[in-house]
2 protein chains.
Amino acid sequence: MLDDTCKTPDNCPVSRTLSIINGRWKGMILYHLQEEPRRFGALRRLLPDITQRMLTQSLRELEADGIVIRTIHAPMPPHVDYRLTDLGRTLIPLLDAMAEWGTAHPAEGAA
Amino acid sequence: MLDDTCKTPDNCPVSRTLSIINGRWKGMILYHLQEEPRRFGALRRLLPDITQRMLTQSLRELEADGIVIRTIHAPMPPHVDYRLTDLGRTLIPLLDAMAEWGTAHPAEGAA
DNA sequence: CAGCATCCGAGGAGATACTG
DNA sequence: CAGTATCTCCTCGGATGCTG
């Protein structure tokens, strides 16, 4: 029974989980990091409409939450990649479930 | 392979799923509607910090997305309750998974 | 009881220019 | 290539007051 802990977002596990993947892009970034590490430029190509600013900011926040790790492979020319941490990997079933739900229920409310 | 459909939030099933439960309160509202229909005032008591404005707005958006149904049982004095639709009920496993994840991983990144 | 109308501040998010 | 710095807009969400 989580009712008692779900009076305010700060105490609610559901809200805390959501707060990690909130924002316009984080879900998609995590989605693209599921299979393999990706370079900054690779993510930009996978998400054509994201700005560098939002990609950097989103990755930094995910890093601060312990979800992704940033690895510098070469300083010059710059070569950085991002991969899921072990903690981040535990989110994969959740991402899969969301992808599945979104695929199974495409905008039924808007019909 | 969802990679091709996940270039922009509008096309990404993950993002579309998230867009339904986005915002500060929707996850918690849905959580409290899992078990039984709730009256407006009951939800306010379950979520002491939410404002009427945000509760109304969140419920209206969930209604527009086909996730909850608003039922007027008596016009005067007003008696309204909210319950999950069949579509809304399909979100329960997702909510459970999020609650479980949030419980299992309490702010590890902030450690 | 169950709302609606209005105002307002904080921060999410985009565009653009510059850098090691 | 992989960023940082600024500027700006706009939406989210809170506060308050009023209503059938």
Side-chain angles (χ1 to χ4, degrees), chain A residues 6-12 14-16 18-30 32-33 37-65 68-83, chain B residues 7-12 14-16 18-30 32-33 36-65 68-83:
Chain A
C6 277
K7 292 185 175 180
T8 166
D10 297 332
N11 274 338
C12 182
V14 179
S15 295
R16 287 195 296 98
L18 282 172
S19 75
I20 288 182
I21 50 183
N22 69 355
R24 197 165 154 71
W25 299 101
K26 283 185 192 172
M28 299 176 65
I29 291 172
L30 291 175
H32 287 299
L33 290 179
R38 306 274 194 184
R39 297 184 57 168
F40 188 86
L43 287 171
R44 288 201 67 185
R45 278 187 295 280
L46 288 165
L47 304 170
D49 291 348
I50 200 173
T51 59
Q52 319 89 313
R53 175 181 148 76
M54 289 316 298
L55 181 54
T56 303
Q57 181 177 308
S58 301
L59 287 167
R60 289 295 186 285
E61 290 173 7
L62 289 170
E63 197 185 0
D65 284 329
V68 306
I69 289 185
R70 175 173 183 267
T71 307
I72 305 177
H73 291 283
M76 191 56 70
H79 182 162
V80 177
D81 77 22
Y82 296 86
R83 72 189 67 202
Chain B
K7 292 185 176 180
T8 166
D10 296 332
N11 273 337
C12 182
V14 178
S15 295
R16 287 195 297 97
L18 283 172
S19 74
I20 288 183
I21 51 183
N22 69 355
R24 195 164 156 70
W25 300 101
K26 283 187 194 172
M28 299 175 65
I29 292 171
L30 292 175
H32 288 298
L33 290 179
E36 47 181 325
R38 306 274 195 185
R39 297 184 57 168
F40 188 86
L43 287 170
R44 288 201 68 185
R45 278 187 296 279
L46 288 165
L47 304 171
D49 291 348
I50 199 174
T51 59
Q52 319 90 316
R53 175 180 144 77
M54 289 317 296
L55 181 52
T56 303
Q57 181 177 309
S58 302
L59 287 167
R60 289 295 185 283
E61 290 172 7
L62 289 169
E63 198 185 358
D65 285 329
V68 306
I69 289 186
R70 176 173 182 267
T71 307
I72 304 176
H73 292 282
M76 190 58 69
H79 182 160
V80 177
D81 76 22
Y82 297 87
R83 71 190 68 205

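Below, chain A is the first sequence line, B the second, and so on; all start at residue 1.
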Figure out the [atom1]/[atom2] separation between [X] and [N], and round it to whole Å.
X	N	atom1	atom2	answer
A/R24	D/dT11	CZ	C1'	12 Å
A/Q52	D/dT4	CD	P	11 Å
A/H79	D/dA2	NE2	P	7 Å
A/M54	D/dA2	CE	C1'	17 Å
A/R38	D/dC1	CZ	C1'	18 Å
B/L55	D/dA15	CG	C1'	16 Å
A/Y82	D/dC1	OH	P	14 Å
A/Q57	D/dG3	CD	C1'	14 Å

Which heavy atom of [X] sits nearest to which heavy atom of [Y], and what is that distance?
X	Y	value
A/Y82	A/R60	OH-NH1, 3.4 Å
B/R24	A/P9	O-CG, 3.8 Å
B/R16	B/D10	CD-O, 3.5 Å
B/W25	B/M54	CD1-CB, 4.2 Å

**OP:** Report yes if at least one side-chain N or O of A/R44 is closer than 4.0 Å to OP1 or OP2 of D/dC1; otherwise report no.
**Re:** no
Subject >> N or O in side chain of A/R70 less than 4.0 angstrom from D/dG3 OP1/OP2 >> reply: yes
Pairwise side-chain contact, [X] with [Y], heavy-atom cut-off 4.5 Å (strictly under):
X	Y	value
A/L30	B/V14	no
B/L59	B/R70	no
B/I50	B/L43	no

Original post:
If you pin A/D81 and B/G23 to their nearest nucleotides in DNA chain D, which one's is more 5'?
Top reply: A/D81
Subject >> CG-CE distance between A/D49 and A/M28, expressed to the nearest 0.5 angstrom >> reply: 8.5 Å
**OP:** First locate atom CD1 of A/I21, then atom CD1 of A/I29, and finally report the distance between them rounded to the nearest 0.5 Å.
**Re:** 12.0 Å
Subject >> Bounds of contact between DNA chain C and chain B, in 5' to 3' order, using a heavy-atom cut-off under 4.0 Å >> reply: C/dC1 to C/dT6
Original post:
How bent is the helix from C/dC1-D/dG20 to C/dG20-D/dC1, comparing axes over its five end pairs at each side, to the nearest 10°?
Top reply: 50°
Subject >> Side-chain-base donor-acceptor pair under 3.5 Å for A/R53 and D/dG3 >> reply: no
